[in-house]
Structure formats: structure tokens, C-alpha cells
Amino acid sequence: MMPGHARNPHSVQVRNTHELYYLKTQQAEGKMERSEKRSKRLRVCVATCNRADYSKLAPIMFGIKSQPEIFDLDVVVLGSHLIDDYGNTFRMIEQDEFDIGSKLHTIVRGEDEAAMVESVGLALVKLPDVLQRLAPDILLVHGDRFDALALATAAALMNIRILHLEGGEVSGTIDDSIRHAISKLAHYHAVCTCSAERHLISMCEDHSHILLAGCPSYDKLLSAHQRDDYTDIIKSWLGDVKEQDYIVALQHPVTTDIKNSIKIYDLMLDAIISFNKKTLILFPNIDAGSKEMVRVMRRKGVEQHPNFRAVKHVPFDQFIQLVAHAGCMIGNSSCGVREAGAFGTPVINLGTRQTGRETGENVLHVRDADTHNKIYHALELQFGKRYPCSKIYGDGNAVQRILKFMQSIDLSEPLQKKFCFPPVKECISQDIDHILETQSALAVDLGGTNLRVAIVSMKGKVVKKYIQLNPKTFEERIELILTMCKQAMADAVHLNCRILGVGVSTGGRVNPQDGIVLHSTKLINEWSSVDIRTPLSSALHLPVWVDNDGNCAALAERKFGHGKGVENFVTIITGTGIGGGIIQHNELIHGNTFCAAELGHIVVSLEGPECMCGGHGCIEAYSSGLALQREAKRLHDEDLLMVEGMTVNNKEQVNAIHLINAARLGNSKAESVLHTAGTALGLGIVNILHMINPSLVVLSGVLAAHYENPVRQVVSQRALVSAQETKVMVSELEDPALLGAASMVLDYATRRTY
């Protein structure tokens with residue numbers, strides 16, 4: 001587990017989900033059995049383009065070869081397999097005793113964008129003759145390489161059924177576009193994860209043509225990574241070095257940002273050199289930019305450096321031993337975020353090439369790898385650690401599933417591919433106001449007493465509200481939030497509201513970037529170091545934003561209230577506690593540790609009453625609803641609260657409202673308490689004016705109207721002349737916490753910045 005990160009109480013459940021989700025496929029395997037055996041063998045063509053995709057295809061090829069009575073295997077080799085600079089890796093296919101039926105030289109050298117395009121064109125020229133001669137029933141294509149795109153294009157145009165391996169995943173760069181393009185050309189899919197399966201379904205692929213298999217390479221990984229001779233393998237590649245005391249480095253170009261990927265490669269090499277550990281570094285793949293990366297490697301003398309062993313290819317069975325027992329793997333290879341997780345090897349993923357891929361606990365992302373020190377520090381954090389082994393990408397049974405899946409394919413079915421488009425509801429109006437009105441957010445407000453959920457429209461109208469008592473435990477609270485949100489989503493359909501996402505307002509200190517409550521208020525138990533975003537997003541399938549209730553009040557004013565169009569202002573919540581939010585240059589200020597705008601804890605007296613934060617003399621200790629309730633109870637106990645015209649039921653608890661009523665009826669003691677509370681709040685606001693100089697202060701909450709005049713008076717008396725003209729206004733919003741929670745969703749949906 002990474003230092004500084006609180007463990008999600010649901011993490012064990014999530015991990016179990018990853019390990020068990022293949023059961024769904026196992027239960028469905030019976031449906032794949034054919035009632036009658038085929039009259040002829042199924043002719044399968046496996047086309048491999050490089051060392052990486054062969055590692056995924058080889059286990060399937062061995063499986064096909066082991067069942068000659070069912071399958072007839074043809075192997076086509078193209079791409080970088082046939083290039084000397086990349087190790088002539090076709091030889092490892094021959095060493096595995098596969099007969100290569102066709103070798104196609106399809107790479108146009110140049111390692112730039114134009115060369116990649118020309119290579120695709122050359123492959124499209126050469127492939128038709130081979131595919132026509134082989135006439136396969138099924139063509140197996142893997143992944144997201146430009147060579148694979150040429151294969152899928154040729155096969156689709158020649159009416160050959162395509163089985164695409166590892167589609168539906170999200171990584172980043174041009175690979176995403178190529179992968180999805182191949183998925184659209186393919187007729188069948190074997191995917192590794194539940195997320196990939198859902199992505200393909202959302203891309204309108206036929207669910208019955210998608211197999212959740214797992215990664216074929218995991219079949220070998222999970223059975224072979226405990227080989228007894230791993231020390232001999234390490235020694236043969238790196239010399240006399242101990243287990244977990246070396247680095248494996250593998251960095252490829254990012255074709256959509258070649259200049260930056262070369263810079264990251266340069267910084268990575270500098271960091272590894274400074275780190276002073278033995279390193280096995282593999283040459284980058286053949287993508288545009290690889291030539292420049294090799295120049296960087298040679299300029300730094302890596303091939304002659306005593307700590308480095310630079311190689312073009314390592315046989316896969318040996319490579320997995322080197323990764324399994326490394327002190328760390330660094331770079332941007334998919335192997336780092338996929339296969340390395342099976343061993344718990346610590347990984348540093350640099351840049352954006354794998355952005356979006358599912359990863360285990362072992363991966364530390366350095367997406368903005370813009371300094372040598374940042375990468376070096378990542379090495380310090382990760383090197384030598386061990387993490388729990390992850391089965392996100394497979395359970396070791398992918399090949400048998402894929403072979404059964406291929407046998408279940410009905411070759412008599414029409415070849416025409418079907419897309420499963422979701423039903424589209426006819427738009428009942430083209431009026432822009434109507435369209436905007438139906439775009440809505442789910443807003444959740446977690447108070448000390450009540451849990452509130454509301455459907456909020458784009459214009460800030462609360463369409464429907466739901467209120468329940470806030471449960472005391474974490475599990476009950478999450479369950480109730482989900483129940484209420486699901487009910488609201490169901491009602492939203494009938495109310496013609498399209499829900500764009502969920503916004504959550506809660507007390508305490510919140511990390512809005514990760515959706516985690518770091519430290520909550522004493523009013524909400526079991527609500528610290530809690531990941532709210534993940535369980536809500538997973539269950540509701542909606543984006544989720546989380547922030548402190550004071551910040552939400554400021555966001556509500558910015559979008560719907562007095563702060564609309566105001567560049568710099570402050571919102572102060574006066575309720576059970578005192579909170580607030582700061583808008584500076586139209587942006588919400590969170591602070592370095594998300595502690596900005598804790599306005600209730602500005603100290604206005606060195607020897608004041610004790611605050612709930614443990615300090616003394618905070619605004620909250622004087623001006624909050626709890627503080628007024630405390631003083632009301634004190635006066636009541638001393639028989640100094642009640643005046644003519646007031647009654648308090650014996651069963652009724654004395655609170656702030658009784659104090660305010662007593663002051664209104666002329667109780668001098670109550671008046672004195674309110675005067676002190678208003679003065680304390682005013683002094684705190686004067687401090688705010690002198691620190692950030694806003695043009696507006698908005699008082700929000702149930703006590704706001706009672707504090708408006710005292711605050712204005714203190715500002716006029718105590719503030720510097722240049723700050724005395726600052727406007728102090730009472731909010732006109734009925735539900736600032738709910739509206740602010742909704743505004744996080746609505747601003748994002750309309751491409752506003754949050």
C-alpha cells in the first residue's frame with residue numbers, strides 16, 4: 001500500500017471482485033459447447049507483428065497446436081519480428097517449433113509518423129495474397145499496433161472472421177484509437193477485464209460475441225514465475241546481482257507527443273544513472289520517435305555504462321523471471337501495468353502512454369515526469385518493495401476459454417456484423433430552455449443530523465428532494481446514500497431530468513481530487529479517510545465529485561447567487577458550525593493540504609472558550625449554533641434566559657433560537673451573548689478582508705440574517721479604510737450545500753472549470 005494513502009474500507013471487497021469475476025465466464029462455458037462436432041477442422045490464422053504481441057498469442061498457439069483434431073493452425077509473421085535491429089524475433093517463434101507459413105516484410109524504416117503510415121500501406125498491399133491463399137475461418141489479431149490495424153482492415157474487407165484479443169481497454173496515445181478501430185472491424189472479442197467488456201458493450205458491440213477470458217500471457221505467468229532457475233536467468237543477463245536489487249527499464253515513444261516522450265526518456269536515464277543500480281534496459285519499439293530515443297541512450301553512453309545491460313530482445317519466459325524478481329520496473333510499457341502486477345513487482349509508470357489502464361497497488365504513476373528529481377524520488381519510494389499479487393488481468397485459464405469460444409463460433413452465421421445500438425428517445429422539444437432545464441445533477445448533503453439528496457436542474461431549481469436521518473456507521477451511510485440516489489435516478493426519468501453526475505457536500509476536510517474525506521467533523525462519526533467517490537461511481541455508473549460543505553456553499557453562490565459574475569468573494573456559513581469557501585480569480589481555493597477556508601477556526605481571542613477543534617477563541621466557539629446553544633443552556637440553568645412572552649417545554653432542549661427570541665424580547669444577558677457572537681464573527685471577517693481583500697462577503701446559513709448588521713458594524717469600525725467598502729450580504733439561496741454539490745456536476749457538464 002502506498003504511503004500516505006488511507007485504505008479504502010471496501011478495498012478487500014474490490015480485490016475479491018477482481019479475483020472472482022471470471023466465475024461469470026466459467027458458468028457460461030457450458031453454453032459454448034457445440035451439440036454436434038464440426039465436419040472439418042477449424043482453420044485459424046494467427047498473425048503476429050512483434051515480440052510483445054507474440055507473448056500474448058503464443059499460449060493460444062500452443063493450445064491450438066495441441067488439438068490437431070479440432071484446429072488447423074497457420075502462422076503469419078510480419079512487422080518488427082523480421083528486423084535485425086529489433087532482434088529478428090521471428091526466430092523465437094521457430095524455436096517454439098511453429099511452422100511460419102508466411103513472412104511479410106512490412107516495415108518502412110524511418111521511425112517517424114510517415115513511416116508508420118507507409119508501413120500500414122505496405123502491409124495492405126502484401127496481405128491480400130496471403131489471406132486469399134490461406135482462406136482461414138478465423139483470423140486472430142492482438143492489441144493496438146498499426147500492423148494489427150492493417151491485418152484487421154485486410155481481413156474485414158476480404159470477409160474473414162476476426163477475433164480481436166484485448167480490445168476494449170483504455171491506455172492513452174494513438175494506441176487507443178487503433179485498438180478501438182480494430183474492435184469495430186472485428187466480429188468477435190476476447191477481453192481481459194470486466195471494464196474492457198463494459199467498454200465494448202458501450203461501443204455497441206454484440207454482447208454474445210464478447211468473451212471475458214483474461215490475458216493469455218497470465219496462463220504462463222501464474223504457473224511459471226516461481227521457476228527454480230531464476231537466479232541463473234538473472235545472472236545470465238545482469239551478472240552477479242542479487243534478487244530485487246536491479247531495475248528493468250522499458251520505455252516506448254508516445255506517438256502523439258514524441259518530443260515530450262523523448263524528454264521523459266532522457267530524464268528517466270539520468271534518474272537511473274543517479275540511482276546507481278544494475279539495470280536491464282530494453283530498446284524501444286519501432287514506433288515514430290524510437291530512433292531519437294536510441295540516440296539519447298547512446299549519447300549518455302548507456303550501452304558502455306557498467307550498471308546497464310542494453311538489449312533488443314529477451315525471450316518471454318526469461319523476461320517474466322527478470323520482471324518477477326526485479327527491485328523495480330520503470331518506463332511506460334503495458335507490461336508494467338499488466339504482467340508485473342501478477343508478481344507484486346513495484347512499477348513506476350512514466351508519462352501518459354498507459355493512462356486509463358487498470359492497475360494494481362504496485363503501480364506508482366508519474367504522469368508529469370518533468371524533472372529528474374521527481375523520477376529519482378519515485379525510485380526511492382518504489383525500489384525494493386513488494387506488493388500483493390494482482391489478478392486483475394487474468395486467473396490463468398484464458399487459453400482454454402478462448403479455444404472453447406472459437407469452437408462455439410457458428411461459421412454458417414451471416415458474416416455481416418451487427419451493432420447493438422441503445423434505444424434513443426425522441427427529443428420532445430427543440431427549445432433550448434427546455435433542453436437545458438432537463439440537464440440535472442444529483443446533489444447529496446451529509447449533515448450531522450440529516451442526509452439529503454436532491455435532483456437539481458441546470459438553473460438551480462430543486463426538482464425533488466429526499467431526506468433521511470444520517471446513519472451513524474460508514475456501511476449504513478453508504479448504503480443509504482446509494483438507496484436514495486437510485487430512487488432519485490428512477491424518479492428523474494419520469495421528471496424528464498437527465499442526470500449528468502453526482503455531487504457530494506460533506507463536513508470536514510476533503511480531498512476533492514480523489515473524492516476522499518480526510519478528516520471529518522465530530523458531528524459525523526466514522527467519516528475520516530473515507531473514499532466516497534469510488535463506491536458511488538461504481539454502483540451508480542456516474543461521475544462523482546466531493547467537496548467540503550463550505551466550499552460547496554461558495555460554489556453555489558458563484559453559480560446561482562450573489563457571487564455570480566464576481567471574481568473575488570468569500571462565503572461564510574453560519575449554522576451548527578462555522579465554515580466557508582473562498583473564490584479567488586473565479587477559482588475555488590483548496591490550499592496545499594485542502595485546509596483553505598476553515599474560516600470557523602480563525603482565532604479572535606487568545607483566552608476565549610474552547611472550540612470543537614481543541615483550540616480556544618475560534619470564531620466557531622463564539623458564533624456557531626452550538627456555541628449559542630451552550631450559552632442559552634448556561635443562562636437557562638441560571639434562570640437568566642426566560643423573559644415574559646417566552647415558554648420552553650420541559651421536553652424541549654434549549655437551543656440558539658431560544659437565545660435569539662430572548663434577546664428580541666429584551667433580555668439583556670441574551671443580547672450581550674449575541675453581541676459578543678456577532679463581534680467575534682465580524683473580527684474574523686475583518687481578518688479575512690485584510691488577508692485576501694475580496695469584493696464581497698456572503699453570509700449563509702440559518703444564523704446569517706441575525707449576524708448581518710453586527711458584522712457590517714464591526715467591519716466599518718475595525719477594517720482598514722480600503723476594506724471598509726466591502727459588501728456584506730445575506731445569501732438568498734435556500735439550500736447552498738445542495739446547490740453547491742450540484743454545481744460541481746453542472747459546471748463540469750457545461751465545460752466550466754472546477
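With respect to Asp747 and Lys559, a salt bridge is recorded, a charged nitrogen being found less than 4.0 Å from a carboxylate O.
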Ser457 vs Cys497, side-chain contact (heavy atoms from CB on, under 4.5 Å): CA-CA, chis, key distance, verdict: CA-CA 8 Å; Ser457 74; Cys497 293; 5.9 Å; no
Criterion side-chain contact (heavy atoms from CB on, under 4.5 Å) on Tyr466 and Ile455, from CA distance to verdict: CA-CA 9 Å; Tyr466 310 79; Ile455 303 169; 4.0 Å; yes
Step-by-step side-chain contact (heavy atoms from CB on, under 4.5 Å) determination, Asn655 to His658: CA-CA 6 Å; Asn655 56 41; His658 294 110; 3.2 Å; yes
Derivation and outcome, side-chain contact (heavy atoms from CB on, under 4.5 Å), residues Leu446 and Arg477: CA-CA 9 Å; Leu446 286 148; Arg477 193 172 294 131; 3.8 Å; yes
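Contact check for Arg198 versus Ser202: no side-chain heavy atoms found under the 4.5 Å cut-off. For the pair Val698/Val570, no side-chain contact is recorded, criterion being any heavy-atom separation below 4.5 Å from C-beta on. Taking the side chain as every heavy atom from C-beta outward, Val517 and Ile532 approach each other to under 4.5 Å. In this structure, the side chains of His636 and Met642 come closer than 4.5 Å at one or more pairs of heavy atoms. Side-chain contact between Ile688 and Ile572: present, with at least one pair of heavy atoms (C-beta onward) separated by less than 4.5 Å. Between Leu628 and Leu703 there is a side-chain heavy-atom pair separated by less than 4.5 Å. Between Leu555 and Leu588, the closest side-chain pair of non-hydrogen atoms falls below 4.5 Å. By the 4.5 Å heavy-atom criterion applied to side chains, Cys613 and Glu620 are not counted as neighbours.
Checking each of Leu495, Val745, Ile499, Leu746 against Ser440 for a side chain to side chain contact (heavy atoms under 4.5 Å, CB included) leaves exactly one that passes, namely Ile499.
For Lys633, the side chain to side chain contact (heavy atoms under 4.5 Å, CB included) partners at least two apart in sequence or on another chain are Asp637. Residues meeting the salt bridge (charged side-chain N to carboxylate O under 4.0 Å, His left out) test with Lys465, sequence neighbours left out: Asp735. Residues passing the side chain to side chain contact (heavy atoms under 4.5 Å, CB included) test with Glu644: none are found, sequence neighbours excluded. By the side-chain hydrogen bond (donor to acceptor under 3.5 Å, both in side chains) test, Glu567 pairs with His585, sequence neighbours left out. Under the side-chain hydrogen bond (donor to acceptor under 3.5 Å, both in side chains) criterion, Glu671 pairs with no residue at all, not counting sequence neighbours. Take Lys486 and apply the salt bridge (charged side-chain N to carboxylate O under 4.0 Å, His left out) test, not counting sequence neighbours, and it matches no residue. Remark: Glu476 engages Pro471, Thr473 in a side chain to side chain contact (heavy atoms under 4.5 Å, CB included) (not counting sequence neighbours). Not a single side-chain hydrogen bond (donor to acceptor under 3.5 Å, both in side chains) links Ser624 to another residue, sequence neighbours left out. Scanning for side chain to side chain contact (heavy atoms under 4.5 Å, CB included) contacts around Met203 gives His180, Ser183, Lys184, Leu200, with sequence neighbours left out. Partners of Asp370 according to the side-chain hydrogen bond (donor to acceptor under 3.5 Å, both in side chains) rule, which considers only residues two or more places apart in sequence or in another chain, are Lys374.
Shown here for Ala488 and Val453, the closest heavy-atom pair between the two residues is CB-CG1, 4.3 Å. Closest approach of His690 to Ala719, counting heavy atoms only: NE2-CA, 3.6 Å. Nearest heavy atoms, Ala443 versus Val456: CB-CG2, 4.1 Å. When all heavy atoms of Ile392 and Gly360 are compared, the pair lying nearest together is CD1-N, 3.7 Å. Here the shortest heavy-atom pairing between Pro543 and Leu500 reads CG-O, 3.4 Å. Summarising the geometry of Trp545 relative to Gly501, their closest heavy-atom pair is CZ3-CA, 4.4 Å, with the distance given to 0.1 Å.
For the residue pair Arg509/Asn548, the side-chain donor-acceptor check at 3.5 Å is not satisfied. Side-chain polar atoms of His590 and Asp547 form a donor-acceptor pair below 3.5 angstrom. In this model, a donor atom of one side chain and an acceptor atom of the other lie less than 3.5 Å apart for Glu557 and Ser731. Under 3.5 Å, the side chains of His207 and Glu197 contain a donor-acceptor pair of N or O atoms.
Rounding to the nearest 0.5 angstrom, the gap separating the CE atom in Met458 from the OG atom in Ser743 is 11.0 Å. Between atom CG of residue Leu536 and atom CG of residue Leu542 there is a gap of 10.0 Å, rounded to the nearest 0.5 Å. Note that CZ of Arg558 is 7.0 Å distant from CG of Asn586, once rounded to the nearest 0.5 Å. In this structure, the separation between CZ on Phe560 and CG on Leu739 is 6.0 Å, given to the nearest 0.5 Å. Separating the OG atom in Ser722 from the CG atom in Asn693 is a distance of 6.5 Å, to the nearest 0.5 Å. Taken from NE2 in His601 to CE in Met612, the straight-line distance is 9.0 Å, to the nearest 0.5 Å.
Of the possible polar contacts, none joining the Asp514 side chain to the Ile516 backbone as a donor-acceptor pair under 3.5 Å is found. In this structure a side-chain-to-backbone donor-acceptor pair under 3.5 Å is present from His616 to Gly608. In this structure, Thr726 contributes its side chain and Ala723 its backbone to a donor-acceptor pair below 3.5 Å. Proximity of a side-chain donor or acceptor of Ser695 to a complementary backbone N or O of Asn568 within less than 3.5 Å is detected. In this structure, the side chain of Asn667 engages the main chain of Leu641 through a donor-acceptor pair within 3.5 Å. Although no hydrogens or angles enter the test, the distance criterion places a donor-acceptor pair under 3.5 Å between the side chain of Arg630 and the main chain of Ala621. Between the Thr574 side chain and the Ala704 main chain, a donor and an acceptor come within less than 3.5 Å of each other. Between the Ser537 side chain and the Arg533 main chain, no donor and acceptor come within less than 3.5 Å of each other.
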With a cut-off of 3.5 Å and sequence neighbours excluded, list every side-chain donor-acceptor pair involving residues 674-687.
residue : atom : partner : partner atom : Å
Thr676  : OG1  : Ser672  : O            : 3.0
Thr679  : OG1  : His675  : O            : 2.7
Asn687  : ND2  : Leu683  : O            : 3.4

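Annotation: Glu732, atom CD; neighbour count of heavy atoms from other residues, nucleotides and ligands within 6.0 Å does not exceed 12.
Pairs passing the side chain to side chain donor-acceptor pair (under 3.5 Å) check and including a residue from residues 710-720, sequence neighbours excluded, read Glu708-Arg712.
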